[in-house]
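To keep things clear, I will list the structure first and then write my remarks on it.
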Protein chains: 2
Amino acid sequence: MPRKSEQKSKEYTIKDVAELAGVSTATVGRVLGGYGSASHEATQAVREAANKLHYIPNGIAQSMKKKTTKSVGLIVANICNPYFSSIARIVESVLVKKGYNIIICNTDEDGDREISYLKMLYEKRIDGLMIASALKESERKDSQFNMTYKESIPTIIIDREISNLKFPTVASDNFRGAYEATSHLIKLGHKRIGIIGSTISTFFRRVEGYRQAMLDHSLPFDTNLVFNKSYKNVKPGDVSEGIYATKNLLKYREYRPTAIFALNNLLTTGVLIAVNDLGLKIPDDVAVIGWDDFDLASLLNPPITVVKQSTYNIATIAISRLLQQIENPNTILNEEKKVILSTELVIRGSCGSNVTY
Amino acid sequence: MPRKSEQKSKEYTIKDVAELAGVSTATVGRVLGGYGSASHEATQAVREAANKLHYIPNGIAQSMKKKTTKSVGLIVANICNPYFSSIARIVESVLVKKGYNIIICNTDEDGDREISYLKMLYEKRIDGLMIASALKESERKDSQFNMTYKESIPTIIIDREISNLKFPTVASDNFRGAYEATSHLIKLGHKRIGIIGSTISTFFRRVEGYRQAMLDHSLPFDTNLVFNKSYKNVKPGDVSEGIYATKNLLKYREYRPTAIFALNNLLTTGVLIAVNDLGLKIPDDVAVIGWDDFDLASLLNPPITVVKQSTYNIATIAISRLLQQIENPNTILNEEKKVILSTELVIRGSCGSNVTY
DNA sequence: TTGAAAGCGCTAACAA
DNA sequence: TTGTTAGCGCTTTCAA
C-alpha cells in the first residue's frame, strides 16, 4: 500500500520552503513572518517556493515560540439562547479582525462543567477568557475559586456581580431591572408574582430586586413563587424547562400567581407555550414579563413586555476591555473594575393595562 | 519594579514538577499522561508536586509532539440564527465528551470571509472541520477550490449539495422541501409567490424546487419574485434583511405576491415584522411560509407554516461521521458520501385554508 | 542581509 | 521501572 502514503499530502515545513527557495529557514521566517529584513531576491524566491508548496505555517509551532495562541475562550450557559449567541457574534466579529479566534463552551450553568472547560482552555493556553456563565456564588468556595481561575490570564466576566472577584466585570443592573419589572406588575395590581430563573446564575441579584420590590410595596416574599430549581427530567437550556416551571407554578388554581416573570428568553418562550397549553389568556389570566428582548416579542398577541439589556454594549465593552488587557498586560483596570449597565423596561401588552380582582 | 515580575505567577513546566518530585521529566509525563508505567512511589510524588505547583500541562507543546490539537472548526453563516446555534450546541456537546473543543466562525455567507477563516483554521492545525456555510457554487472556481480546501484534513459539509465536492455531506432535501412548500401554496390558490433567500448559500437548490413546482403547475417562474441579493445598507444575518426584502417585494400593489416563502428563521422574522409594519394581514393579504421551525411559530397569530429540517439528525450524523474520520483516518466514507434528510412541511395557519380571487 | 543554532514544553524511542 | 535524549516547526539571538 505505498499508494496510501503517497496520497497523504505531506505537511510542508519552513524547511521545505527554505530548501526550495535556496535560503535558510531564518530567511523564510523573516519573509513570511514579516519581521527583520530580507533582500528583494530572497523575498521573491521564498514567496514563490511557499506558493508552489501551498505552504501553510504551523500555528502550533508559532504559539510555542511566541507564547501566544491568538485564541480566546468564551464560556456561556447555552449558545442557543439568543442573548449568548448575540454576545458570541459581536465578540467574534471584533476578535477576528485582530486575528483571534474564539472557542465556545456551553456550561448549561453547571459549575462542574465550567471547571472542566476552564481546565481545557488553560491547557490550550488561550490568550484571554470571557465568562458569561460563572460559578454560582453558592458553589464558589473561595479556596476552590482561587484554584480554578487563573489570575495570570486576562479574563473578563459578563453579567455576574461577584463581590470578591479579582476580574473586571461588565453586567446589567440585575437588581434594578428586576425591581422595575416587579414594581410595574405590582402597580398593575398584581400581588402574587411568580419568578422563574431555573438554574441561571444571575438569578440571585434579580430575585433580590424582585424581593425588594415586593417588600417595598408591603407584599410578602413567598418562596413558593420563586422557581429556581433544575429537574432531572428536564434538559436545562431548553424550552421544556420554562414549560415545566410554569405548569408547576400554575398548578394550584387558588394560590397561583397572576403574573410570571421569566428570567431569560428560553424561559419566556417556555412560559408562553405553557400558558397556551393550559388554555389561559395573557394578560387576563396571567401576565408575563420576560428578561431580554427578542425580535418576535412585539409580534406576539399580546406583545410581550420585557426587561431589555443592552446586549450590544455589554459585548462591546467586554471585548474591548479584554483586548486591552491582552495587548497591554500592564494595564490595570482597577479604577473601573465593574461596569454596570442599566436595563430598560419595554412595556408592551403582556401585563395588561389594569387588573381587577 | 521587581514586584511586578514576582506577581506574575510563573508558568510551571513538566521540568519543575520533575525537580520537585525528584524524578525525570519522562516519569512525570508517564504519570500525568497516563501512558507507560511508573512505580507507586513515583506516581505519588509526581501527583503531589503537580498539585503543589498547580501545574497545568501545556497543550500547545503536546500538540506539537502529538500532531493533534483536539480542536475542530465550525464554520457557520451566523451563530445568531437558531438553526446554526442548534447545530453548534449539539456538535459541541458531543465533541466535549471526547475532549475536543470547537472554534466558531461566522461568515455571513461571504466567500472571502470563509477563505480567510479556512486559512486561520488550517494554521491552527485543527483536527477536523465542519462547514455549514460553504462557498456558493457561483463563487467556486474549481481551481481555486482545490487550493482553499485541504483534503488532507477530515472535513464534513452540512447543508450544501455541491456536486464535485470531495468531502462527505449531510444535508436536507432542499429541492424537495421547497417543492412541497411551493406546491402547498399553489394548491391554496396562490399564483404569485415571492421567495426570499438573500445571500444564503443553499438558496439555489431551494429555488430550483420552487421553480419546478411553479412549472409543474403551469405557473410562470418570475425572477422578479426571487429575492436573493444582498444590499449594502443592510447587514446580512440580521432581521433587517428580511424586512427590506419583504418591503421590496410588496412595494407594487398590483403585482405583488400573495405569498412569501422565507428561506431561514431570521428572514421569516423579518417578513413577519415587515408585513406587520405594512399593516397587512396574514394570511388574507399575504401568506407566509418559513424555512426552519422555531419555538414561537405555533404561538404567533396566525401560527406560522414552516418547512422543518431535522436539525438534530443533521448535526448528530455530521459530527459522528466527522469523528469517525478523525479517529480513523483510513475509513473511506465513499459509499455513502452524501446523506440527504427529508424535510417536513408543518402546516399551521399562515397560509390560510383557501384563497379566493 | 544572511545563516547557524538554541530552545519553547512536551512525548516517546531507546537504553539502562 | 526509570532516565537520557532527540526531535516536533518555528522564532530569534548572535555572528558573520
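In what follows, chains are A, B, ... by sequence order, proteins preceding strands, each numbered from 1. Since this is a predicted model, take the numbers as computed values, not measurements.
Taking only side-chain nitrogens and oxygens, B:T27 never comes nearer than 4.0 Å to OP1 or OP2 of D:dT2. For B:S24 and D:dT2, the shortest distance from a side-chain N or O to OP1 or OP2 is not below 4.0 Å. The shortest distance between the side-chain N/O atoms of B:Q62 and the OP1/OP2 oxygens of C:dG9 is not below 4.0 Å. At the phosphate of C:dC10, OP1 or OP2 sits under 4.0 Å from a side-chain N or O atom of B:Y55.
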Could you tabulate the donor-acceptor pairs under 3.5 Å formed by side-chain atoms of residues 67-77 of chain A, not counting sequence neighbours?
{"unit_1": "A:T68", "atom_1": "OG1", "unit_2": "A:D127", "atom_2": "OD2", "d": "2.9"}
{"unit_1": "A:T69", "atom_1": "OG1", "unit_2": "A:S71", "atom_2": "OG", "d": "3.4"}
{"unit_1": "A:T69", "atom_1": "OG1", "unit_2": "A:R125", "atom_2": "O", "d": "2.8"}
{"unit_1": "A:T69", "atom_1": "OG1", "unit_2": "A:D127", "atom_2": "OD1", "d": "3.3"}
{"unit_1": "A:K70", "atom_1": "NZ", "unit_2": "A:K98", "atom_2": "O", "d": "3.3"}

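Here the closest heavy-atom approach between residue B:C105 and residue B:L121 is recorded as SG-CD1, 4.0 Å. The nearest pair of heavy atoms linking A:F167 to A:K337 is C-CE, 4.0 Å.
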Test side chain to side chain contact (heavy atoms under 4.5 Å, CB included) applied to A:I103 and A:M120, step by step: CA-CA 11 Å; A:I103 298 174; A:M120 199 174 188; over 6 Å; no
Derivation and outcome, side chain to side chain contact (heavy atoms under 4.5 Å, CB included), residues B:I126 and B:I153: CA-CA 8 Å; B:I126 47 167; B:I153 112 144; 3.7 Å; yes
Side chain to side chain contact (heavy atoms under 4.5 Å, CB included) evaluation trace for B:E92 with A:I79: CA-CA 10 Å; B:E92 198 260 354; A:I79 194 73; over 6 Å; no
Evaluation steps, salt bridge (Lys or Arg N to Asp or Glu O under 4.0 Å), between A:E123 and A:K119: CA-CA 6 Å; A:E123 288 190 2; A:K119 188 169 159 288; 3.4 Å; yes
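Atom CD1 of A:I60 is separated from atom P of D:dT11 by 13 Å (rounded to the nearest Å). Spacing between atom NZ of B:K66 and atom C1' of C:dA13 amounts to 16 Å, rounded to whole angstrom units. Rounding to whole angstrom units, CG of residue A:D16 and C1' of D:dC8 are separated by 14 Å. Spacing between atom CD of B:E41 and atom P of D:dG3 amounts to 12 Å, rounded to whole angstrom units. The distance between atom CD of A:E123 and atom C1' of C:dG9, rounded to the nearest whole Å, is 13 Å. Rounded to an integer number of Å, the gap from OH of B:Y12 to P of C:dC10 is 14 Å. Atom pair B:K67:NZ and C:dC10:C1' shows a separation of 12 Å (rounding to whole Å applied). In this structure, A:H40 places its NE2 atom 15 Å from C1' of C:dT1, rounding to the nearest Å.
Base engagement by A:S37 is indicated by at least one non-hydrogen atom pair under 4.0 Å involving a base atom. Across all strands, A:A38 comes closer than 4.0 Å only to sugar-phosphate atoms, never to a base (heavy-atom distances).
The side chain to side chain contact (heavy atoms under 4.5 Å, CB included) test with A:V23 is passed by exactly one of A:V28, A:V31, A:T43: A:V28.
The CD1 atom of A:I14 lies 4.5 Å from the OH atom of A:Y55; values are rounded to the nearest 0.5 Å.
Under a 4.0 Å N-O distance rule, the pair B:K52/B:D16 does not qualify as a salt bridge.
Of the candidates C:dG3, D:dG3, C:dT11, the closest approach to any side-chain atom of B:I14 belongs to C:dT11. In the set D:dT1, D:dG9, C:dT11, D:dT1 carries the atom at the smallest distance from any side-chain atom of B:S39. Checking D:dT5, C:dA5, C:dG9 against every side-chain atom of B:T25, the shortest atom distance belongs to D:dT5. Considering only the side chain of B:A26, C:dA12 comes nearest among D:dT2, C:dG9, C:dA12. In the set C:dC8, D:dC10, D:dC8, the nucleotide with an atom closest to the side chain of A:M64 is C:dC8. For A:T13, whose side chain is taken as the heavy atoms from C-beta onward, the closest listed nucleotide among D:dC10, C:dG9, C:dA12 is D:dC10. Distance from the side chain of A:K65 is smallest for C:dC8 among the nucleotides D:dT4, C:dC8, C:dC10.
At its two ends the helix from C:dT1-D:dA16 to C:dA16-D:dT1 runs along axes set 40° apart, each axis drawn from five pairs and the angle rounded to 10°.
Counting non-hydrogen atoms of other residues, nucleotides and ligands closer than 6.0 Å to CD of A:E41 gives a total of 12 or fewer.
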When you compare the protein's N or O atoms with those of nucleotides 14-16 of chain C, which come within less than 3.5 Å of each other, and at what distance?
none

